[in-house]
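To start, the structure itself, in structure tokens.
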There are 2 protein chains.
Amino acid sequence: MKLQIQIKMNEDLFIRNPEHTELGRNIIKHSIQLIAHTGFEAFTFKKLAEDIGTTEAGIYRYFENKHRVLIYIISWYWGWLEYQISFVTNNVSDPVIKLKKVIKLLATTVEDDTKTNYVNENLLHQIIISEGSKAYLTKQVGEDNKHQFFKPYKDLCAVIGNIILECKPKYKYPRSLATTIIEMAHFQNFFMHNLPSLTDFGKSKSESEIILFLNDLVFSSIKKS
Amino acid sequence: MKLQIQIKMNEDLFIRNPEHTELGRNIIKHSIQLIAHTGFEAFTFKKLAEDIGTTEAGIYRYFENKHRVLIYIISWYWGWLEYQISFVTNNVSDPVIKLKKVIKLLATTVEDDTKTNYVNENLLHQIIISEGSKAYLTKQVGEDNKHQFFKPYKDLCAVIGNIILECKPKYKYPRSLATTIIEMAHFQNFFMHNLPSLTDFGKSKSESEIILFLNDLVFSSIKKS
DNA sequence: TATAAAAGATAGCATTGCTATCATAAATAA
DNA sequence: TTATTTATGATAGCAATGCTATCTTTTATA
């Protein structure tokens, strides 16, 4: 049996649903490849069209602009990650173990999930690390937020925040700690590979060290005391 | 007596030193205003030239491109902040008090420092919050790093890391904790104002709560145990 | 006063970001 | 089957951006 995941996407993100057509799925697939390869700044619809073998105008029929594409694929990732979390924490009763699994999931390079056809999760993870915060660090963040574009990120934050509260019901900053875990899982990875002297893992360049750091950080804050 | 601060800037950042001429100082001053106002994406040399009352070509005589301008003003800020830290921690022997002062400095909106003529630190602080990470989240990060463009940030990270080690000599992650403090001081501020449900300070929107969160986070990790 | 350095004034050109139009192919309904 | 939506392909075009070049005028300094 071949399982397929469907992530429900916000309809305001696109003009035409890219999941419904071959060209649409190609736009997603090649956007991920191109953004991962060239970075978001150098990513243009022209180049994307050439990669796919279609025209610029073709892309514009699906997405208003490249920023929407970025939000689309990043939202997809957060949705997929929330699914992964619910999967690996299923039947786990101890919230501390749950939270450790979440941290590991966030800080570990993912492999391409064969359950998702046209999405390469490994490239997507790299995009989250290098381009993730550019989704909201803009002047239009307020407008985009009205469209609910950041709901997947907020949902993820709420899920992690709730696990934190399970660990320590009286903890005062579950959401801020959740965003700290998420952002630092990615920033420490970026620093480790690109500006290693900003971290303590510069030599080993090993993700397991980031996990140890985050575990230490988080469980110092929320241990019973 | 009127005191003036001079921050030593990396010579590779500019073509002609903007501090040496009226036009140069205007470029810095108006870049800060324009980036704070329109965001880095919409910031162009054309608009900047119009603001100043000069021409695009005039700006290009000072800076190769807008990304160098961003790195310039951000580097300036880190340099200035390191000076502020050395100032407020001077004669303080207790490292815990030192670190608390640093956290407060990082998380508090600064007022315009009259000791610096053409730089508005308050606007600069907003830029750090919204645009700061765009300085390094690029494909050229490696190239830029070779030019030592991130030295001011690294120096700041080292200073804070050393204070952390003074607090707890055996702590394993002083640099990663330092970058966590720096980045989270700014990200929590951005979230609080723009995506409040990602934080626990959405209602009060008060910087003092961010300080409390960071203090809790940091001193749980490095308290004697 | 000579002359070098900085700034102003234009021009130009490739790329980007976006919209519009018309023709054709593919899917679906009458 | 034919009719007709619907999706795609093929071009064109235009304003804005990013950057370089050249020539003149002003300002600073030797």
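Numbered from 1 within each chain, the chains take letters A, B, ... in sequence-line order.
- Heavy atoms of A:Arg61 sit under 4.0 angstrom from at least one base atom.
- When the P atom of C:dA7 is taken as reference, atom CD1 of B:Ile59 falls 10 Å away, rounded to whole Å.
- Per the geometry, CZ belonging to A:Phe43 stands 12 Å off P belonging to C:dT16, to the nearest Å.
- Reading DNA chain D from its 5' end, the first and the last nucleotide to sit under 4.0 Å from a heavy atom of chain B are D:dT17 to D:dT22.
- What separates NE2 of B:His20 from P of C:dA4 is a distance of 21 Å, to the nearest Å.
- Close to C:dA7, at under 4.0 Å from its OP1 or OP2, lies a side-chain N or O of B:Tyr62.
- Between the side chains of A:Thr109 and A:Glu207, at least one donor N or O lies within less than 3.5 Å of an accepting N or O.
- Going from atom CG of B:Asn26 over to atom P of C:dA6 covers 16 Å, rounded to whole Å.
- For the pair A:Lys46 and B:Gly58, nearest-nucleotide mapping onto DNA chain C gives the more 5' position to B:Gly58.
- Note on A:Phe63: nothing from the nucleic acid sits closer than 4.0 angstrom, heavy atoms only.
- As rounded to whole Å, 11 Å separates atom P of C:dA7 from atom CD1 of B:Ile52.
- Using a 4.0 Å cut-off between charged side-chain N and carboxylate O, B:Glu41 and B:Lys134 make a salt bridge.
- Annotation: side chain of A:His125 is in contact with side chain of A:His186 (closest heavy-atom distance under 4.5 Å).
- You'll find that the side chain of A:Asn65 is closest to C:dC18, out of C:dC18, C:dT16, C:dT10.
- Between C:dG8 and B:Thr54, a contact under 4.0 Å exists linking OP1 or OP2 to a side-chain N or O.
- Taking atom OH of B:Tyr60 as the reference point, atom P of C:dG8 lies 17 Å away to the nearest angstrom.
- No side-chain heavy atom of A:Phe150 sits less than 4.5 Å from a side-chain heavy atom of B:Ser197.
- For C:dA7, the OP1/OP2 oxygens have a side-chain nitrogen or oxygen of B:Thr21 closer than 4.0 Å.
- Nearest-nucleotide positions on DNA chain C for A:Phe45 and B:Glu56 put B:Glu56 closer to the 5' end.
- We find the CD1-CG distance between A:Ile210 and A:Asn215 to be 12.0 Å, quoted to the nearest 0.5 Å.
- Between A:Glu50 and A:Lys47, no side-chain nitrogen of the basic residue sits less than 4.0 Å from a carboxylate oxygen of the acidic one, so the salt-bridge criterion is not met.
- Taking the ring axis of A:Phe40 as reference, the NZ or CZ atom of A:Lys66 stays within 45° of it and closer than 6.0 Å to the ring centre.
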